[in-house]
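Bear in mind that the values here come from a model prediction, so they are computed numbers and not experimental data. Just so we're on the same page: letters track the sequence lines, and every chain starts at 1.
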Amino acid sequence: MPKEITPFEKLVYAACQKIPRGRISTYAEIARYIKNSKSARAVGNALNRNPYAPKVLCHRVVRSDGTVGGFVHGEKKKIEILKKENVAIKNGRVVDFDKVFCVIQ
DNA sequence: GTGTTGACCACAG
DNA sequence: GCTGTGGCCAACA
């Protein structure tokens with residue numbers, strides 16, 4: 001049976017799906033898209049619970065520093081996925097972060 | 001209602 | 001480059 005999620009999480013997942021392929025975004029950007037605030041923690045919290053991990057594009061969300069942050073399947077797996085999306089990763093960090101970074105519209 | 005925790009961010013040292 | 005501290009917001013005990 002479907003798990004009940006809060007409207008906040010719903011917005012977070014929608015923002016993840018709004019990211020085009022081959023691009024990534026940050027927790028802060030998603031938080032800004034939702035509430036125009038710096039509550040990146042709330043976004044990370046929603047994705048941490050992530051009841052629909054493979055359904056949402058949470059792997060396209062990284063930290064402001066360009067680090068992959070965390071992932072349910074592991075950072076290593078997240079890097080593998082991003083590399084398949086034509087996103088260069090090096091030493092656990094996004095190489096062309098500015099090039100692949102995309103603002104939520 | 002209060003306190004803790006969390007896939008965070010920014011700044012200071 | 002790293003660590004520590006303060007701050008922000010949401011969910012949970």
Side-chain angles (χ1 to χ4, degrees):
Chain A
M1 27 41 103
K3 188 176 180 132
E4 296 188 34
I5 62 176
T6 63
F8 180 78
E9 293 182 357
K10 195 174 178 183
L11 291 169
V12 175
Y13 304 142
C16 290
Q17 294 179 1
K18 228 170 199 303
I19 304 170
R21 182 200 167 280
R23 297 265 168 108
I24 58 176
S25 187
T26 65
Y27 298 101
E29 194 59 49
I30 294 174
R32 207 166 292 176
Y33 161 73
I34 296 173
K35 285 182 93 79
N36 194 18
S37 295
K38 298 167 186 187
S39 49
R41 227 174 193 172
V43 177
N45 210 346
L47 292 177
N48 182 356
R49 288 145 192 265
N50 199 357
Y52 299 102
K55 285 197 180 219
V56 295
L57 296 320
C58 47
H59 60 263
R60 287 182 187 161
V61 184
V62 297
R63 302 200 347 185
S64 307
D65 300 294
T67 49
V68 297
F71 195 48
V72 182
H73 305 292
E75 295 184 17
K76 199 171 179 185
K77 192 78 175 181
K78 188 167 183 175
I79 293 169
E80 291 287 305
I81 298 172
L82 289 174
K83 282 175 104 174
K84 287 182 181 180
E85 298 281 314
N86 196 24
V87 178
I89 306 285
K90 181 140 200 161
N91 204 18
R93 287 171 225 157
V94 181
V95 180
D96 298 313
F97 176 69
D98 295 340
K99 296 182 180 179
V100 294
F101 173 71
C102 182
V103 181
I104 312 294
Q105 300 176 29

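- Within the hydrophobic cluster formed by Ile, Leu, Val, Met, Phe, Trp and Tyr side chains joined at under 4.5 Å, directly or through other members, A/Phe97 is accompanied by A/Ile24, A/Val62, A/Val68, A/Ile79, A/Leu82, A/Val87, A/Ile89, A/Val94, A/Val100, A/Phe101, A/Val103.
- Atom pair A/Arg63:CZ and B/dC8:P shows a separation of 5 Å (rounding to whole Å applied).
- Among residue pairs with one or both ends in residues 23-38 of chain A, none qualify as salt bridge (charged side-chain N to carboxylate O under 4.0 Å, His left out); sequence neighbours excluded.
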Quiz prompt | Letter per nucleotide, 5' to 3', of nucleotides 7-13 of chain C [B base touched, S only sugar-phosphate touched, - untouched; heavy atoms, 4.0 Å] | solution = BBBBSS-

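- A/Lys77 has its NZ atom 18 Å from the C1' atom of B/dA7, to the nearest Å.
- Taking every heavy atom of both residues into account, A/Ser25 and A/Cys102 meet most closely at OG-O, 3.4 Å.
- One can place CG of A/Asp65 at 12 Å from C1' of C/dC2, the figure rounded to the nearest angstrom.
- Between the side chains of A/Arg49 and A/Asn45, a donor-acceptor pair is found at a separation under 3.5 Å.
- Of the residues in residues 20-32 of chain A, those placing a heavy atom less than 4.0 Å from an atom of DNA chain B are A/Tyr27, in numerical order.
- For residues 62-82 of chain A, the salt bridge (charged side-chain N to carboxylate O under 4.0 Å, His left out) pairs, not counting sequence neighbours, are A/Arg63-A/Asp65.
- Not counting sequence neighbours, A/Asn86 has no partner by the side-chain contact (heavy atoms from CB on, under 4.5 Å) test.
- The side-chain heavy atoms of A/Val56 and A/Val12, taken from C-beta on, include no pair separated by under 4.5 Å.
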Practice problem: Given side chain to side chain contact (heavy atoms under 4.5 Å, CB included), test A/Tyr13 with A/Leu47 step by step and report yes or no. | Solution: CA-CA 8 Å; A/Tyr13 304 142; A/Leu47 292 177; 3.8 Å; yes

